[in-house]
Number of protein chains: 2
Amino acid sequence: MNVRTLCLGILSLGEASGYEIKKKIEGPFNHFYEASFGSIYPALTRLTEEGMVSCTKHAQANRPHKKVYGLTTPGRLAFLDELTSMPRPDRVRSEFLVFMTFAELLPTRHLSRVLDEQVGYWRAHIAELEAGTEKPTAAGHEFVCGFGVAVYRAALAYTEENRYRVEAANLMAEPAAASPALTTRNAQIQPVD
Amino acid sequence: MNVRTLCLGILSLGEASGYEIKKKIEGPFNHFYEASFGSIYPALTRLTEEGMVSCTKHAQANRPHKKVYGLTTPGRLAFLDELTSMPRPDRVRSEFLVFMTFAELLPTRHLSRVLDEQVGYWRAHIAELEAGTEKPTAAGHEFVCGFGVAVYRAALAYTEENRYRVEAANLMAEPAAASPALTTRNAQIQPVD
DNA sequence: TTATCCATGTAAGAAGTTACATGATTGA
DNA sequence: TCAATCATGTAACTTCTTACATGGATAA
């Protein structure tokens with residue numbers, strides 16, 4: 001699954017321009033997929049060359065021209081075919097969790113700030129998803145929004161209930177720069193050629 | 001945050017070879033970070049050149065040589081510096097959720113299989129994390145494992161409680177290939193040059 | 001005897017991001 | 001006047017994955 005396939009998927013819901021596709025990805029998709037213009041435009045060009053999508057140019061008064069793309073039958077079949085395979089395992093890259101792993105090394109204030117910001121993100125995501133779920137559309141869409149809310153709520157609740165643990169451990173740990181345990185260890189190792 | 005920085009982080013917990021670093025990333029880190037040998041080895045080479053890590057070669061009987069890396073003071077400072085910035089927003093790429101978004105287009109049996117497998121993944125992840133948490137180490141590590149369990153449990157519970165919605169909607173939807181709504185639309189659009 | 005573990009590394013390529021280039025309109 | 005929205009696109013770059021190359025030891 002790549003931006004290419006995601007474009008096919010979005011176009012299966014209706015015609016759209018590259019710009020509009022980007023906006024749609026920034027909607028609920030944003031929570032589990034990202035794509036920039038720099039990947040969307042080339043993908044659409046290639047899909048057009050391959051006959052997966054059709055392209056109609058619309059001249060607009062006082063606006064740049066707009067290219068509206070629509071799925072062709074081969075494009076629809078290709079997307080359906082993709083959906084008939086097994087999805088690859090989810091990939092998560094969380095810098096927040098890397099930071100938490102090394103919580104004892106962070107300056108105390110910074111640790112709290114990182115936690116506060118993260119909690120803020122989740123709250124905002126939940127609010128956004130709940131606002132979007134008010135107008136129910138397709139079953140799949142609703143499922144995914146509900147999923148997002150459930151997972152973000154769990155992350156939020158867990159963090160609010162357990163952050164004191166890392167914050168307490170951080171207070172106990174000596175400041176990184178002054179800790180002998182941290183600076184002594186590599187004195188024993190010297191580069192060898 | 002990249003593989004480079006993650007290597008520094010892992011080395012801050014103790015010396016290790018490239019192979020061992022990879023194994024450690026495959027442990028609890030695996031749930032929120034991935035790295036292959038193809039990214040770890042070049043990263044370590046570069047870090048050595050830059051003086052961020054030291055490297056000691058160990059000859060082993062009946063084994064390939066082993067290069068054990070250790071953090072140097074500049075490396076430790078660089079990592080600490082990284083931890084003093086704000087973490088970037090988490091990135092999730094979930095093909096499973098893309099599939100669910102388009103649940104109505106999947107063959108019914110396939111949809112159920114996808115859901116079953118996903119539920120299986122989560123169960124396995126939870127079991128693995130719970131096995132790892134039995135031997136508590138650092139506070140940060142425990143927090144992260146507990147976080148993983150909480151989030152996976154939420155995902156699992158939500159999916160088990162709500163999968164019937166997408167499965168029911170899928171049954172209602174006509175098979176994609178036979179649906180007139182799906183094939184008629186793009187008959188109205190013709191490529192324009 | 002077959003697979004897995006240990007152990008390092010390179011090279012090619014995929015995939016995507018960021019920054020740039022262009023430019024009118026609209027709202028604060 | 002300044003930022004944001006609409007609108008498309010390219011080019012350089014980063015980052016990482018996959019596949020390959022090598023090869024002994026050990027366990028099933």
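Because the structure is a prediction, the values reported are computed rather than measured. Each chain gets a letter, A, B and so on, in the order the sequences are listed, and its residues count up from 1.
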J.: When rounded to the nearest 0.5 angstrom, what is the spacing between OG in A:S112 and CZ in A:R163?
T.: 5.5 Å

J.: If the condition is ring-ring contact (aromatic ring centres under 6.0 Å, His included), which residues does A:F32 pass it with, not counting sequence neighbours?
T.: A:F29

J.: For the residue pair B:Q118 / B:T159, report whether a side-chain donor-acceptor contact shorter than 3.5 Å exists.
T.: no

J.: Listed by chain and number, what are the side-chain hydrogen bond (donor to acceptor under 3.5 Å, both in side chains) partners of B:S94, not counting sequence neighbours?
T.: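 If we apply the side-chain hydrogen bond (donor to acceptor under 3.5 Å, both in side chains) test to B:S94, skipping adjacent residues, the hits are A:D90.
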
J.: If I take atom CD1 in residue A:I40 and atom C1' in nucleotide C:dA15, what distance separates them, rounded to the nearest angstrom?
T.: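 Rounding to the nearest Å, CD1 of A:I40 and C1' of C:dA15 are 14 Å apart.
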
J.: Mind checking whether B:M100 and B:V114 have side chains closer than 4.5 Å, heavy atoms only?
T.: yes

J.: Return the value, rounded to whole Å, for the distance between atom CD1 of B:I21 and atom C1' of C:dA7.
T.: 13 Å

J.: Should the pair B:K23-B:E26 be classified as a salt bridge under the 4.0 Å nitrogen-to-oxygen rule?
T.: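 Judged by the 4.0 Å cut-off on N to carboxylate O distance, B:K23 and B:E26 do form a salt bridge.
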
J.: Could you give the NZ-to-C1' distance, from A:K57 to D:dA7, as a whole number of Å?
T.: 13 Å

J.: Whether A:S39 contacts C:dA15 is assessed here as follows: a side-chain N or O lying under 4.0 Å from the phosphate OP1 or OP2. Is that the case?
T.: no

J.: Which whole-number value in Å describes the distance from A:Y19 OH to C:dT25 C1'?
T.: 12 Å

J.: With A:N2, which residues qualify under side-chain contact (heavy atoms from CB on, under 4.5 Å), at least two apart?
T.: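 Scan of A:N2 (side-chain contact (heavy atoms from CB on, under 4.5 Å), adjacent residues dropped) gives A:R4, A:T5.
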
J.: What residues form a side-chain contact (heavy atoms from CB on, under 4.5 Å) with A:R165, not counting sequence neighbours?
T.: A:N162

J.: At a heavy-atom distance below 4.0 Å, what parts of residues 81-102 of chain B sit against DNA chain C?
T.: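 B:R93 - these, ordered by number, are the residues of the stretch whose heavy atoms sit under 4.0 Å from the strand.
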
J.: Show me the protein contacts with nucleotides 9-13 of chain C, counting only N or O atoms at under 3.5 Å.
T.:
from	atom 1	to	atom 2	distance (Å)
C:dG9	OP1	B:K67	NZ	2.2

J.: Mind listing the residues from residues 23-31 of chain A sitting with a heavy atom below 4.0 Å of DNA chain C? Number order is fine.
T.: none

J.: Got a sec, which residues hit side-chain hydrogen bond (donor to acceptor under 3.5 Å, both in side chains) with A:R123, two or more places apart in sequence or on another chain?
T.: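 For A:R123, the residues satisfying side-chain hydrogen bond (donor to acceptor under 3.5 Å, both in side chains) (neighbours in sequence not counted) are A:E160.
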
J.: Would you say A:S36 reaches C:dG16's phosphate, i.e. side-chain N/O to OP1/OP2 under 4.0 Å?
T.: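 No, because none of the side-chain N or O atoms of A:S36 sits under 4.0 Å from OP1 or OP2 of C:dG16.
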
J.: Figure out the NZ/P separation between A:K22 and D:dC6, and round it to whole Å.
T.: 13 Å

J.: Take atom CG of B:N2 and atom P of C:dT17, then tell me their distance rounded to the nearest Å.
T.: 16 Å

J.: Would you mind telling me which of C:dT8, D:dT17, D:dC16 lies closest to the side-chain atoms of B:E34?
T.: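 The closest nucleotide is D:dT17.
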
J.: Mind checking side-chain contact (heavy atoms from CB on, under 4.5 Å) for A:F37 and listing every partner two or more places apart, or none if nothing turns up?
T.: A:Y19, A:K22, A:Y41

J.: Hey, what bend do you get for the helix from C:dT1-D:dA28 to C:dA28-D:dT1 if you fit axes on five pairs at each end, rounded to 10°?
T.: 50°

J.: Go through the structure and list residues passing side-chain contact (heavy atoms from CB on, under 4.5 Å) with B:R153, not counting sequence neighbours.
T.: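 By the side-chain contact (heavy atoms from CB on, under 4.5 Å) rule, B:R153 matches B:I126, B:E130, B:V149.
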
J.: Would you please name every residue forming a salt bridge (charged side-chain N to carboxylate O under 4.0 Å, His left out) with A:E82, sequence neighbours left out?
T.: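 With sequence neighbours excluded, A:E82 shows a salt bridge (charged side-chain N to carboxylate O under 4.0 Å, His left out) to no residue whatsoever.
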
J.: Could you check whether B:R93 makes a cation-pi contact with A:Y33, meaning its NZ or CZ is under 6.0 Å from the centre of the six-membered ring and within 45° of the ring axis?
T.: yes

